[in-house]
Amino acid sequence: MKSIYQFLFGCAIFAFSLSACSATKSGGGKFQQARFAVKGICKMCEERIEEAALVRGVQTAEWNINTDTLTIRYNPAIITEMEIQQKVADAGHDTQDIKASSEKYEELPLCCRYHELEKH
C-alpha cells in the first residue's frame, strides 16, 4: 500500500513539473505583444530594426516592410515598450513615438535613408 502512495505522489510531482516547465517555455503569461510603426525601406533596414529591438526582455521582434510595423513579444517586468522604441530610434529608425536623432539617421547606409528614398 505504501508503494502505491509513493507511486501516486511521484506521478503528481512529475505532472506538476511538466506543467511548470511548459509555462516557463511559453513565457508563463508574463510576455505581452505590442505593435508600433517603424520607418524603413529595405531588407537591410529590417535586419537592423529587428536586431535593435531584440534586447534583454524581448522574446521576438518582426518588422513588416509593407506596413512599417514592428511586432514584438516582450516581458514588461524587464523592459517597456518605450525603451524598445528608444533602442530602435538609437539604431537610426523613427518609431511612432520616438524620432531618431539626425546623427543616428546620418549613420544609416545611403540605401536605407527612408526620408529620402522609396522602398526597394
Side-chain angles (χ1 to χ4, degrees):
M1 188 69 152
K2 184 178 180 180
S3 62
I4 291 174
Y5 288 124
Q6 288 175 334
F7 175 75
L8 292 175
F9 181 73
C11 288
I13 296 292
F14 179 74
F16 178 76
S17 64
L18 277 180
S19 67
C21 181
S22 70
T24 302
K25 287 182 181 176
S26 68
K30 62 185 173 183
F31 284 91
Q32 293 181 1
Q33 183 170 305
R35 287 186 181 88
F36 51 88
V38 178
K39 294 292 185 186
I41 57 174
C42 66
K43 284 296 221 183
M44 284 178 58
C45 293
E46 177 181 22
E47 291 173 13
R48 185 179 313 100
I49 291 165
E50 291 176 353
E51 183 178 317
L54 280 174
V55 294
R56 183 176 172 271
V58 178
Q59 189 177 48
T60 61
E62 293 181 25
W63 182 69
N64 185 313
I65 191 170
N66 297 318
T67 63
D68 284 336
T69 303
L70 180 66
T71 303
I72 54 171
R73 186 164 166 76
Y74 71 104
N75 184 336
I78 297 173
I79 192 165
T80 67
E81 182 179 334
M82 290 305 288
E83 289 172 323
I84 299 165
Q85 286 195 42
Q86 185 62 58
K87 296 288 187 187
V88 173
D90 289 345
H93 292 271
D94 294 348
T95 73
Q96 68 186 32
D97 297 316
I98 302 174
K99 184 175 168 86
S101 69
S102 297
E103 295 80 18
K104 291 297 182 181
Y105 177 80
E106 294 295 324
E107 290 176 8
L108 293 175
L110 293 176
C111 66
C112 293
R113 305 274 175 94
Y114 51 89
H115 289 163
E116 304 151 29
L117 301 172
E118 293 183 25
K119 290 194 186 291
H120 53 272

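Please read all numbers here as calculations on a predicted model, not as lab measurements. Residue numbers start at 1 and run along the sequence shown.
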_salt_bridge(K43, E46) N-O dist < 4.0 Å_ = yes
_If the condition is ring pair (Phe, Tyr, Trp, His ring centres under 6.0 Å), which residues does Y114 pass it with, not counting sequence neighbours?_
H93, Y105
In Å, rounded to the nearest 0.5 Å, how long is the span from [atom1] of [X] to [atom2] of [Y]?
X   : Y   : atom1 : atom2 : result
T60 : E50 : OG1   : CD    : 9.5 Å
Q85 : D94 : CD    : CG    : 11.0 Å
T95 : M82 : OG1   : CE    : 6.5 Å
R73 : N75 : CZ    : CG    : 10.0 Å
I84 : L54 : CD1   : CG    : 9.5 Å
I72 : E81 : CD1   : CD    : 5.5 Å

*In chain order, what residues pass the side-chain contact (heavy atoms from CB on, under 4.5 Å) check against E107, with sequence neighbours excluded?*
K104
*asked:* Checking the side chain of D68 only, and the main-chain atoms of K39 only, is there a donor and an acceptor separated by less than 3.5 Å?
replied: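 Between the backbone of K39 and the side chain of D68 there is no qualifying donor-acceptor contact (under 3.5 Å).
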Residue pair [X] / [Y], side-chain heavy-atom distance below 4.5 Å:
X   : Y    : value
R48 : L108 : yes
T71 : W63  : no
Q32 : Y74  : yes

Closest non-hydrogen atom pair, [X] against [Y]:
X    : Y    : result
C111 : C42  : O-SG, 4.3 Å
V88  : I49  : CG2-O, 4.1 Å
A89  : A100 : O-CB, 3.4 Å

*Under 4.5 Å between side-chain heavy atoms, hopping through other hydrophobics if needed: is there a path connecting I79 to F31?*
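No; tracing contacts between hydrophobic side chains, which count when under 4.5 Å, never links both residues.
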*Are V55 and L70 connected in the hydrophobic side-chain network, where two residues link if heavy atoms are under 4.5 Å apart?*
yes
*Can you list the residues that meet the salt bridge (charged side-chain N to carboxylate O under 4.0 Å, His left out) rule with R113, with sequence neighbours excluded?*
E106
*asked:* Does E83, at its CD atom, have more than 12 non-hydrogen atoms belonging to other residues, nucleotides or ligands within less than 6.0 Å?
replied: yes
